[in-house]
There are 2 protein chains.
Amino acid sequence: MGRRRQSVTIKHVAADAGVSLQTVSRVINKEPNVRPAMKERVQASIDKLGYVPSIAAQRMSGSRSYLILAINDRDRTIADWRARDGRDWVDQMLLGGMLTAAERGYRMIFELIDTHSDHVERELGAAIAALQPDGVIVTPPHSENPQITGLLAENGIPFARIGSKEDGPGIAMTMGDELLAGKATDHLIELGHMRIGFIAGPDEYSLAGWRTDGWREAMGNAELDCEDLLEQGDFGFESGLAAAQALLDRENPPTAIIASSDQMALAALDVAKERGLHVPRDLSIVSFDNTPIVRFATPSLTAVDQPIARTAARAVELLIDFNKHGAPQAPVVVEGELIVRASTARAPTRSRT
Amino acid sequence: MGRRRQSVTIKHVAADAGVSLQTVSRVINKEPNVRPAMKERVQASIDKLGYVPSIAAQRMSGSRSYLILAINDRDRTIADWRARDGRDWVDQMLLGGMLTAAERGYRMIFELIDTHSDHVERELGAAIAALQPDGVIVTPPHSENPQITGLLAENGIPFARIGSKEDGPGIAMTMGDELLAGKATDHLIELGHMRIGFIAGPDEYSLAGWRTDGWREAMGNAELDCEDLLEQGDFGFESGLAAAQALLDRENPPTAIIASSDQMALAALDVAKERGLHVPRDLSIVSFDNTPIVRFATPSLTAVDQPIARTAARAVELLIDFNKHGAPQAPVVVEGELIVRASTARAPTRSRT
DNA sequence: ATGAAAGCGCTAACAC
DNA sequence: GTGTTAGCGCTTTCAT
């Protein structure tokens, strides 16, 4: 193995084209002040020799690293991965971001950081120092962790905060949670439901709150009461079970339930079945996230799709263009959509007391 | 943004510890010939300053890049990603490889390469030149593409060929397909099945052949006939439909079917249902791959699990240790297992003619 | 519009 | 054992 050096470097190209290194560098970086003829000659040599610049060398001399770093919460990501229940957040984020990055000559690196650890700064700091990424994408709950956003800001690294709309450094991005929760609620209202229960997510996630807000607002617009119709979970299956039980144990139970995560919706479905309630005849269910499994549930779940891939792609673009355009003024919204499947139907005509 | 230089470099550490750069370098790289006292002093400075070496600079000076490149087939990966049907190959490979790499101070980068393109060399060559990875993991069908393995070998880059057991450069790795197909077959034989159909995968994949071999051998060992019991698909759902139809149209149809992919098994399940055959009472089904959806099918499918994460992890280790230990002599087998679920049962007592 | 020189952060090779 | 020197491939100055 030994020293594996670059086989064809900028020097070879320069020699082949009979120009200086600088000129080649200028052509590579599409800089102005190169005569078209010269440019062509150099490009010909590049193609002929199959030259590709080394990103290590580029980074070394103070230019870009052409690396975008995407970080996710360590524990959650590993738990999802082990569970193997088809959650495809990582896939969607990776592919969405990667393909867009590739189009622009960038690469995306995926990394896990522990939110709760006291070593956040160490871990993230190490990744930054080692990789020197040109941009970082952070997802919940990292995107609202001031320790993380602060470190990034300090280091002057452009970053996108997915699932965060606060002011401050970094590009704030959301998937329109509030609006989507409203759409889901409206969908049920149109089907004649008046008692629409909502299973909220945990407070640590702002987006959980936005979803609840969207439901509340849509209910208000339709002059429907939210009283007794809200329960809170932690996005996980178990918590969904408890929340659904509580909702259906009410004196005047809901005829429809919106859960702020797929797992909680699946739990609600189980609870309904257990109680002999037919979905969607007796109870309609809408879920949030739209991970693959909800399509394979029986009945398949009407769900709010989170456009993770599109969001990651957009984040990559914004990050790459950051130097030119700077950060957008307002939070960037990459809007998801409501996908109607078989778990929602007209409200039952009379109450099942 | 401007020139974002490393905030704390080896120089700072050297100055702080009052030693030469080289000594610091030696400590970082755990080289011998550093007195314990010295080592401690330097390490203290490193910790104090929060120093982390820049991989770009390390790579520049001819040492390792600490990057492992994992490449997959472009079209297939994108198709899977778009389909969103819960296939988690990318997830499993990425996380499995990444976590192991991280333990050793390495990073894994995921990349897609087009197999069928004439530009394989260009694409892969570019990735190699830009990234200078210390190792590459290739998966089927790349792992059996001589253009790819040849290029890697030429460049002297250690690589692992997953799903390939031919001799030649690179580390050959399999998940024990033949043996696993045998296990699946034995499982059915133990349940009293004598007519066990097999839906093979496409010839382009050697592992498809190994699976067929394993079935054939197990059948032979039990002195069962394979005649009329083999159909071929392309791993996809549609092809599974056709194959299952053909198998069940036989004069003396099988009482069990093993499909060499989940999608084909799911297709067989659909065909069975359509014909009013109860699974597993009338027909047992075993699938290969064990992607998340098969657990959620009704009934949940007995499946051969492919340990992709473990394989990727092992590949990373072998690659990192390649310089020390070289390539293993024989193909490395990271064996999967048969996961028995609800789609297999005792053979029906009398034939359904 | 092009070229020459300096240096990025680090390690290999060689001194001592 | 430890320090010194040179140089990796590239992009910055700054000349011309």
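Only a predicted model underlies this, so the values are computations on that prediction, with no experimental measurement involved. Lettering of chains follows the sequences in order, A, B, ..., and the numbering in each one begins at 1.
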J.: In this structure, how many angstroms lie between the C1' atom of dT11(D) and the NZ atom of Lys11(A), rounded?
T.: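 After rounding, the reported distance stands at 14 Å.
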
J.: Using whole Å, what does the distance between atom P of nucleotide dC8(C) and atom NE2 of His12(B) come to?
T.: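 Distance check: His12(B) NE2 to dC8(C) P gives 10 Å.
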
J.: Apply the test salt bridge (Lys or Arg N to Asp or Glu O under 4.0 Å) to residues Arg76(A) and Asp114(A): give CA-CA distance (whole Å), side-chain angles for both, the deciding distance (0.1 Å), then the verdict.
T.: CA-CA 9 Å; Arg76(A) 252 173 210 279; Asp114(A) 196 339; over 6 Å; no

J.: Over how many whole Å does the gap from Met60(A) atom CE to dC8(D) atom C1' extend?
T.: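 Met60(A) atom CE is separated from dC8(D) atom C1' by 9 Å.
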
J.: Main chain of Ser65(B), side chain of Asp134(B): is a donor-acceptor contact present, judged purely on distance under 3.5 Å?
T.: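 Such a contact is found between Asp134(B) side chain and Ser65(B) backbone.
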
J.: For the side chain of Thr23(A) and the backbone of Val19(A), is there at least one donor-acceptor N/O pair under 3.5 Å apart?
T.: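 Answer holds: no.
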
J.: Has Thr23(A) got a side-chain N or O lying under 4.0 Å from the OP1 or OP2 atom of dG3(C)?
T.: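 Checking Thr23(A) against dG3(C): at least one side-chain N or O falls below 4.0 Å of OP1 or OP2.
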
J.: Give, ordered by number, those residues of residues 37-57 of chain A having at least one heavy-atom distance below 4.0 Å to an atom of DNA chain C; if nothing qualifies, reply none.
T.: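 Those residues whose heavy atoms fall under 4.0 Å from DNA chain C, taken from residues 37-57 of chain A in numerical order, are Met38(A).
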
J.: When you measure from the side chain of Glu144(A) to the backbone of Ser206(A), do you find a donor-acceptor pair of N or O atoms at a distance under 3.5 Å?
T.: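 The answer is yes, because a donor-acceptor pair under 3.5 Å joins these two groups.
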
J.: Indicate, with a heavy-atom threshold strictly under 4.0 Å, whether Gln22(A) touches base, sugar-phosphate, or nothing.
T.: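 If one applies the 4.0 Å heavy-atom cut-off, Gln22(A) turns out to touch a base.
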
J.: Both Ile28(A) and Arg35(B) contact DNA chain D. Which one's nearest nucleotide lies toward the 5' end?
T.: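 Residue closer to the 5' terminus by nearest nucleotide: Arg35(B).
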
J.: By nearest atom, which of the nucleotides dT12(D), dT11(D), dC8(C) is closest to the Glu31(A) side chain?
T.: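 Of all the options, the side chain of Glu31(A) is nearest to dT12(D).
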
J.: For the side chain of Ile10(B), counting heavy atoms from C-beta on, which of dT11(D), dC10(C), dA4(C) is nearest?
T.: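 Nucleotide nearest to Ile10(B)'s side chain: dC10(C).
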
J.: Hey, is the side chain of Ser20(B) poking within less than 4.0 Å of OP1 or OP2 on dT2(D), counting only N and O atoms?
T.: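 The answer is no; no side-chain N or O of Ser20(B) sits under 4.0 Å from OP1 or OP2.
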
J.: Under the 3.5 angstrom rule, does the side chain of Arg59(B) hit a backbone N or O of Ala56(A) as a donor-acceptor pair?
T.: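 It does not hold such a pair.
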
J.: Identify which nucleotide among dA1(C), dT11(C), dT2(D) has an atom closest to any side-chain atom of Asn33(A), counting heavy atoms from C-beta outward.
T.: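 Closest nucleotide to the Asn33(A) side chain: dA1(C).
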
J.: dG9(D) P sits how many Å from Gln132(B) CD, rounded?
T.: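 Atom-to-atom, Gln132(B) to dG9(D), this comes out as 8 Å.
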
J.: Give the rounded distance in Å between these two atoms: CG of Leu21(A) and P of dT11(D).
T.: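 The distance from CG of Leu21(A) to P of dT11(D) comes to 10 Å, rounded to the nearest Å.
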
J.: Starting from C1' on dT11(D), measure out to NZ on Lys30(A) and report it in whole angstrom.
T.: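 The answer, rounded to whole Å, is 16 Å.
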
J.: Shortest non-hydrogen contact from Gln147(B) to Val120(B)?
T.: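 Nearest heavy atoms, Gln147(B) then Val120(B): OE1-CB, 3.7 Å.
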
J.: Report yes if a side-chain nitrogen or oxygen of Arg59(B) is closer than 4.0 Å to either non-bridging phosphate oxygen (OP1 or OP2) of dC8(D); otherwise report no.
T.: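 No, no such contact exists.
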
J.: Any donor-acceptor pair under 3.5 Å between the side chain of Arg26(A) and the base of dG3(C)?
T.: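 Such a pair exists between side chain and base.
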
J.: Checking Asn72(B) against Thr77(B): is there a side-chain donor and acceptor pair closer than 3.5 Å?
T.: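 Their side chains do not contain a donor-acceptor pair, so the 3.5 Å distance test is not met.
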
J.: Just to confirm, is there a sub-4.0 Å distance from OP1 or OP2 of dT11(C) to any side-chain nitrogen or oxygen of Gln58(B)?
T.: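 Yes, because at least one side-chain N or O of Gln58(B) sits under 4.0 Å from OP1 or OP2 of dT11(C).
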
